[in-house]
Amino acid sequence: AETDARELMLSAAKALAALHNNGIYHRYIFPGNIFLLNEQYLLGPFKRQSELLNAHNIIPYTAPEIIENAAKYSDKSDVYALG
């Protein structure tokens, strides 16, 4: 189980790094958006910022500063959510 968890986090972190290296923020990272496909973990669909206002399932994974001001979103906010 520990090896599986490590593999999941490494795959998700690599996917997130690829996004961030291209100037893209995911903004919708939570356990329900991490999928296993052909032995590879993938990050699920993106959301527009306007769609996130009603996405209550991500609140526990949202960086505290984003709850106060969504304009503060950065790559660090995605990393917080992944953690």
Donor-acceptor contact present, side-chain N33 to main-chain I29, <3.5 Å: no
Where Y61 and P31 come nearest, the two heavy atoms and their spacing: CZ-CD, 3.2 Å
Side-chain heavy atoms of L16 within contact of L43, under 4.5 Å: yes
Shared hydrophobic cluster, L8 / L10 (ILVMFWY, side-chain heavy atoms < 4.5 Å): no
Side chain to side chain, Y80 and P64, heavy atoms closer than 4.5 Å: yes
Parallel, tilted or perpendicular, as decided by the 30° and 60° cut-offs, for the rings of H26 and Y28: parallel
Aromatic ring pairing Y25/H20, orientation class (parallel under 30°, perpendicular over 60°, tilted between): perpendicular
Spacing of CG belonging to D78 relative to CG belonging to L19, to within rounding of 0.5 Å: 7.5 Å
Distance in Å, R27 CZ paired with T62 OG1, rounded so as to fall on 0.5 Å steps: 11.5 Å
Salt bridge (charged side-chain N to carboxylate O under 4.0 Å, His left out) involving E2 - partner list, sequence neighbours excluded: R6
Closest heavy-atom pair and its distance - S77, E65: OG-OE2, 4.1 Å
Backbone of I24 reached by a side-chain donor or acceptor of N22 within 3.5 Å: no
